[in-house]
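Working notes, beginning with the structure itself.
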Amino acid sequence: LFVGSALVNMYAECNLLADARHCFNRLSFQDIPLWNALVAGYVACGDSQEALKMYELMHTAGASSNEVTFVCILKACGSVGVSEKGQAAHTELTQRGFTYNLYLGNALLDMYAKCGSLSEAWEVFVSLEVRDVISWNTIIKGYGANHNGIVAVQVFEDMQKHRVQPDAITFTCLLTACSRSSLVIKGQELFKSMSEEFGIEPSIHHYNCIIDLHARSGRIHEAQKFLQTMPCSPS
RNA sequence: AUGAGCGCUUUGCCA
């Protein structure tokens, strides 16, 4: 079964879902991680609808599910962007008595953020007993993606008060937030601070964010200048 | 002997 599961997982990772499914069907019995591998495979290759169908199929096949299943399902719901499905999953996992570990809590948070349900996302965020850098990044990104850059920056300040060290991803989330809310000065400030205050060297991701920041607010020349002077080759 | 790990899982630009 372990080998079979590894195979399903390998096929799924390589976007060979048909092979994964064939392998899955040939196994004498299917346990939860095996189902999960298949569901995760569909999510990974962007076929969230099929992932959700697989979840239905788990029910009809009489299989149970665990926390990992819900992490996958929540991710699929976030990709689809319709909060009803996600809410249903949320209700179900609460009824099942699952407590939020970081994976589950962060996945739930991200699902609501991706669906634009920021008040629900925030509720989940504050209800987490333990938060890691991913939790903070996810809520910052959530506000940023929904044109609430000012709140995103406030949450970042809050993060520092909680003595959580930001990472490279924190800054892509922040810079995107500034970009989408036209916070050009703040974005440049943050970009400067990442290496000077936080010791994080900007990568191509961050340079791209800055170019987007300028371009989106109509500063084409600034964007061009930045593009030409940045120390790595454009992607 | 006890506990843990060994198969599945969460955050990154533009579009």
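Note on naming: letters A, B, ... go to the chains in the order of the sequence lines (proteins, then strands), and numbering restarts at 1 for each one.
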Check whether the side chains of A/N106 and A/T138 place a donor and an acceptor atom closer than 3.5 Å, and report yes or no.
->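 Their side chains do not contain a donor-acceptor pair, so the 3.5 Å distance test is not met.
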For the residue pair A/N148 and A/S181, confirm or rule out a side-chain donor-acceptor distance under 3.5 Å.
->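 Short answer, no.
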Selected nucleotide, minimal atom distance to [X] side chain, candidates [options]:
{"X": "A/T138", "options": "B/U11, B/G12, B/U10", "result": "B/U11"}
{"X": "A/P33", "options": "B/U10, B/G12, B/G7", "result": "B/G7"}
{"X": "A/N106", "options": "B/U10, B/C13, B/G12", "result": "B/U10"}
{"X": "A/C173", "options": "B/G12, B/C8, B/C13", "result": "B/G12"}

To the nearest Å, give me how far apart [atom1] ([X]) and [atom2] ([N]) are.
{"X": "A/Y112", "N": "B/U10", "atom1": "OH", "atom2": "P", "answer": "19 Å"}
{"X": "A/N208", "N": "B/G12", "atom1": "CG", "atom2": "P", "answer": "15 Å"}
{"X": "A/L108", "N": "B/U10", "atom1": "CG", "atom2": "P", "answer": "15 Å"}
{"X": "A/D212", "N": "B/G12", "atom1": "CG", "atom2": "P", "answer": "16 Å"}
{"X": "A/H205", "N": "B/U11", "atom1": "NE2", "atom2": "C1'", "answer": "13 Å"}
{"X": "A/L227", "N": "B/C13", "atom1": "CG", "atom2": "P", "answer": "19 Å"}
{"X": "A/I73", "N": "B/U10", "atom1": "CD1", "atom2": "P", "answer": "13 Å"}
{"X": "A/L175", "N": "B/G12", "atom1": "CG", "atom2": "C1'", "answer": "11 Å"}

Is any side-chain nitrogen or oxygen of [X] closer than 4.0 Å to OP1 or OP2 of [N]?
{"X": "A/K141", "N": "B/U11", "answer": "no"}
{"X": "A/R216", "N": "B/C14", "answer": "yes"}
{"X": "A/R180", "N": "B/C13", "answer": "no"}

Rounding to the closest angstrom, what is the interatomic distance between B/U9 and B/G5 at atom P?
->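 Between the two P atoms, the distance is 16 Å.
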In whole Å, what separates the P atom of B/C6 from that of B/U10?
->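 Between the two P atoms, the distance is 15 Å.
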Reckon A/I140 touches a base, only the sugar-phosphate, or nothing at all at heavy-atom distances under 4.0 Å?
->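 No contact at all - A/I140 keeps every heavy atom at 4.0 Å or more from the nucleic acid.
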What does A/A168 touch in the nucleic acid at a heavy-atom separation under 4.0 angstrom: a base, only the sugar-phosphate, or nothing?
->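 The residue A/A168 makes base contact.
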Shortest non-hydrogen contact between A/V43 and A/C72, atoms and distance =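 Of all heavy-atom pairs spanning A/V43 and A/C72, the closest is CG2-O, 3.7 Å.
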What do the steps show when you test A/K53 against A/E56 for salt bridge (Lys or Arg N to Asp or Glu O under 4.0 Å), and what is the final call?
-> CA-CA 5 Å; A/K53 274 189 204 163; A/E56 304 277 323; over 6 Å; no
Give a yes/no verdict on base stacking between B/U9 and A/Y103: centres under 5.5 Å, planes within less than 30° of parallel.
->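 According to the criterion (under 5.5 Å, under 30°), yes, A/Y103 stacks.
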N/O donor-acceptor pair, side chain A/N36 with base B/G7, under 3.5 angstrom |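 Under the 3.5 Å cut-off, the side chain and the base do not form any donor-acceptor pair.
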May I have the step-by-step check of salt bridge (Lys or Arg N to Asp or Glu O under 4.0 Å) for A/E50 and A/R21, ending in yes or no?
-> CA-CA 12 Å; A/E50 195 58 32; A/R21 204 149 176 173; 3.2 Å; yes
